[in-house]
Amino acid sequence: PLIVQSQSYTNKSILGALASLPDVQQREYFSLTNAHKGVYPPPLGVFKTNALPCGDNSLSTGTAARRGAVFVLGSRFNSSCEPNVNNYWGDDQEKTTFWAVRDIIEGEELLISYGEHFVSRDTRRARLKAQFGFECACTACSQTGKELEASDKRRVALARLYDEIG
């Protein structure tokens, strides 16, 4: 990671971490997307937009990673509600590993999920819009009619099943 921050990160703590980096890495950090322009100072906006969790992180279980990290390449993955890649932070190695969750054909974009899977499209889109400033147009969110209705029902049913099995 370029920088790692605790849950209680601030613009000041991010600036402190950035100050210890060489100029080239500082430029790489500020070349990342900032979905919070005009809302937060740039260092904080870039971190809020691009940080990946360092540990278990799930809205559905209420688990929050104690730290987040920004990566030169890993923070550039786009989002899909049907991702083909997942990421896992290994505390022992202090790094994130990305792996395929299904077969990927040559030339296919590698996608992670920025949100939770087991809610309706409208809920997913609203959260992504609020947190990252975009309306999701992935394969799952582009469904309409009966396909969308069936997808939403499956996702909500899966959430209920996960709650039941703990």
Side chains of Phe30 and Pro42, heavy atoms from C-beta outward: is any pair under 4.5 Å? yes

Evaluation steps, salt bridge (charged side-chain N to carboxylate O under 4.0 Å, His left out), between Asp122 and Lys129: CA-CA 10 Å; Asp122 290 345; Lys129 183 73 169 173; over 6 Å; no

In terms of hydrophobic clusters joined by side-chain contacts under 4.5 Å, are Leu148 and Val156 together? no

Can you give me the closest heavy-atom contact between Ile14 and Tyr29, atom names plus distance? CG2-OH, 3.6 Å

Does CZ belonging to Arg76 count more than 12 external heavy atoms closer than 6.0 Å? yes

Would you list the atom pairs, donor with acceptor, under 3.5 Å between side chains in residues 99-112 and any protein atom, with sequence neighbours excluded?
residue	atom	partner	partner atom	Å
Arg102	NH1	Glu108	OE2	3.2
Arg102	NH2	Glu108	OE2	2.5
Glu108	OE1	Ile105	N	3.0
Glu108	OE2	Asn84	ND2	3.3
Glu109	OE2	Asn78	ND2	2.7

Apply salt bridge (Lys or Arg N to Asp or Glu O under 4.0 Å) to Arg125 and list each qualifying residue two or more places apart in sequence or on a separate chain. Glu135

Using the ring of each side chain (for Trp, its six-membered ring), is Phe132 parallel, tilted or perpendicular to Phe134, with breaks at 30° and 60°? tilted

Check whether the ring centres of Phe77 and Phe98 lie less than 6.0 Å apart, and answer yes or no. yes

Does Leu44 belong to the same Ile/Leu/Val/Met/Phe/Trp/Tyr cluster as Val46, with side-chain heavy atoms less than 4.5 Å apart forming each link? yes

Closer than 3.5 angstrom, by distance alone: can the side chain of Gln5 be matched with the main-chain N or O of Ala69 as a donor-acceptor pair? no

Taking every heavy atom of Ala35 against every heavy atom of Thr49, the minimum-distance pair comes out as N-OG1, 2.9 Å

